[in-house]
Asks: 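First the structure, then my questions, so here it is.
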There are 2 protein chains.
Amino acid sequence: MSQVELDTSVGYLLKMASSSLHGAMEAVLRPLGMTITHYSCLELLSQRPGLSNSELARGTFVTRQSMNVLLQALERDGLVARPERAPSGRVLPTTLTPKGRRQLATASGAVRAVEDAMLTGMSAADQEQLRRLLRSCVAALKAPADTL
Amino acid sequence: MSQVELDTSVGYLLKMASSSLHGAMEAVLRPLGMTITHYSCLELLSQRPGLSNSELARGTFVTRQSMNVLLQALERDGLVARPERAPSGRVLPTTLTPKGRRQLATASGAVRAVEDAMLTGMSAADQEQLRRLLRSCVAALKAPADTL
DNA sequence: TGACTCATGTCAGCATACTGACATACCTTG
DNA sequence: CAAGGTATGTCAGTATGCTGACATGAGTCA
């Protein structure tokens with residue numbers, strides 16, 4: 001599998017890096033009985049309590065239907081809680097339960113270790129560069145009409 | 001959705017960028033009746049004719065079982081061809097048919113446009129930086145034992 | 001040579017995410 | 001106030017990818 005042109009494609013490299021990270025995270029989360037979206041949901045709720053189903057979906061890059069299925073499971077398992085009735089509109093603010101917080105704590109360290117491993121051999125300046133360039137990619141894709 | 005800590009996480013930004021690219025590619029490929037893996041498979045075969053099922057799977061970051069299902073569909077639709085019997089071992093070298101080459105040609109331009117859009121506002125030096133940093137991420141995740 | 005290991009192709013079952021659709025609540029705008 | 005538009009939560013069905021398992025062929029090594 002000698003690379004011909006793929007190594008020069010930013011898109012392919014982006015997919016490769018994302019896939020590598022995805023695999024590594026899966027590997028550490030599986031023994032804990034968690035999926036990546038499962039973990040991402042708890043992490044997001046930890047940093048922003050009261051997020052709604054749709055907001056969690058956008059924050060974890062899945063549809064609100066998928067997040068709904070996940071939230072029902074998390075609620076059933078007592079990891080998150082949602083009020084019976086919406087305080088306003090149809091939005092149901094979700095919060096972590098103590099059990100959810102505990103599960104997140106065990107996973108958080110493992111995930112952080114993976115990210116640290118990924119950044120091995122990268123200077124602080126390099127990391128900031130990488131963040132900047134990735135943000136640029138996202139911004140450029142968000143407004144495709146502006147480029148014409 | 002004001003960002004608190006997520007914007008500083010390279011892992012989260014990587015997932016966000018990858019998700020954005022994935023969505024943009026999906027948007028341009030759907031009208032052509034192609035999925036991303038479908039396109040990636042044809043593109044890979046174009047650049048490296050004769051790749052086996054397992055090699056294609058690794059090159060597109062899916063399992064060989066998933067690639068097998070896709071290849072059967074592509075073969076049924078006359079986009080790729082595989083010999084009846086393996087020339088050596090069990091490996092079946094796959095090649096593009098003229099029809100497959102034509103379909104790839106129409107998709108290739110659209111995908112290239114998406115990647116170009118993503119790199120809008122990024123200097124050549126920036127792009128090379130990004131490639132270098134992404135390759136660093138992949139390499140660091142490939143050998144997690146070395147970091148301990 | 002024979003046993004062991006490994007990679008491959010493939011079948012089957014399962015999990016996860018997506019699209020389509022609907023009712024509901026808010027928020028404009030005439 | 002009525003009407004249209006938008007966002008949300010949720011149910012269903014579908015699709016795509018994954019894990020588990022098995023047989024086959026090639027290379028390795030005692």
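Sequence lines set the chain letters: A, B, ... in the order given, protein chains first and strands last, and positions in each chain run from 1. All values derive from a computational prediction rather than experimental measurement.
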Asks: Got a sec, which residues hit ring-ring contact (aromatic ring centres under 6.0 Å, His included) with B/F61, two or more places apart in sequence or on another chain?
Replies: A/Y12
Asks: Can you work out whether B/S52 or B/E26 has the more 5'-proximal nearest nucleotide on DNA chain C?
Replies: B/S52
Asks: Donor-acceptor pair under 3.5 Å: do we get one between B/R90's side chain and the base of D/dA23?
Replies: yes
Asks: Rounded to whole Å, how long is the line connecting atom CG of B/L92 with atom C1' of D/dG25?
Replies: 12 Å
Asks: Identify, between A/S88 and A/F61, the residue whose nearest nucleotide on DNA chain C lies closer to the 5' end.
Replies: A/F61
Asks: If you look at every strand shown and take non-hydrogen atoms under 4.0 Å, does B/R85 touch a base, only sugar-phosphate, or nothing?
Replies: nothing
Asks: Which listed nucleotide (C/dT8, C/dA17, D/dC18) is nearest to the side chain of A/T37?
Replies: C/dA17
Asks: In residues 67-77 of chain A, which residues come under 4.0 Å of DNA chain D by heavy atom?
Replies: A/N68, A/Q72
Asks: Base, sugar-phosphate or nothing for A/S66? Non-hydrogen atoms, less than 4.0 Å.
Replies: base
Asks: Does the A/T35 side chain pair with the main chain of A/H38, one donor and one acceptor, at a distance under 3.5 Å?
Replies: no
Asks: Using whole Å, what does the distance between atom P of nucleotide C/dA17 and atom NE2 of A/H22 come to?
Replies: 8 Å
Asks: Looking at B/E115 and B/R112, is any side-chain nitrogen of the basic one under 4.0 Å from a carboxylate oxygen of the acidic one?
Replies: no
Asks: For D/dT8, take OP1 and OP2 only and decide whether either is under 4.0 Å from a side-chain N or O of A/R58.
Replies: yes
Asks: What is the distance, to the nearest angstrom, from the CG atom on A/L56 to the P atom on D/dT10?
Replies: 12 Å
Asks: Measure CD/B/E84 against P/C/dG9 and give the value in whole Å, please.
Replies: 15 Å
Asks: Which side chain to side chain donor-acceptor pair (under 3.5 Å) pairs, counting each pair once, include a residue from residues 80-99 of chain B, with sequence neighbours left out?
Replies: B/E75-B/R82
Asks: So, the side chain of B/R101 versus the backbone of B/L96: is there a donor-acceptor pair under 3.5 Å, distance only?
Replies: yes
Asks: For residues B/S18 and A/S18, is any side-chain donor paired with an opposing acceptor at under 3.5 Å?
Replies: yes
Asks: Check every atom of C/dT10, D/dT19, D/dT10 against the side chain of B/N53 and return the nucleotide holding the closest atom.
Replies: C/dT10
Asks: Test your reading of the model: is there a side-chain donor-acceptor pair from B/E43 to the backbone of B/S108, 3.5 Å cut-off?
Replies: no
Asks: OH of B/Y39 versus P of D/dT16: gap in Å, rounded?
Replies: 18 Å
Asks: 5'-most contact on DNA chain D: A/S54 or A/R30, nearest heavy atom basis?
Replies: A/S54
Asks: Using whole Å, report how far CE of B/M34 lies from C1' of D/dA15.
Replies: 17 Å
Asks: Is there a donor and acceptor pair closer than 3.5 Å between the side chain of B/Q65 and the base of C/dG9?
Replies: no
Asks: Using a 4.0 Å heavy-atom cut-off across all strands, classify A/T35 as base, sugar-phosphate, or nothing.
Replies: nothing
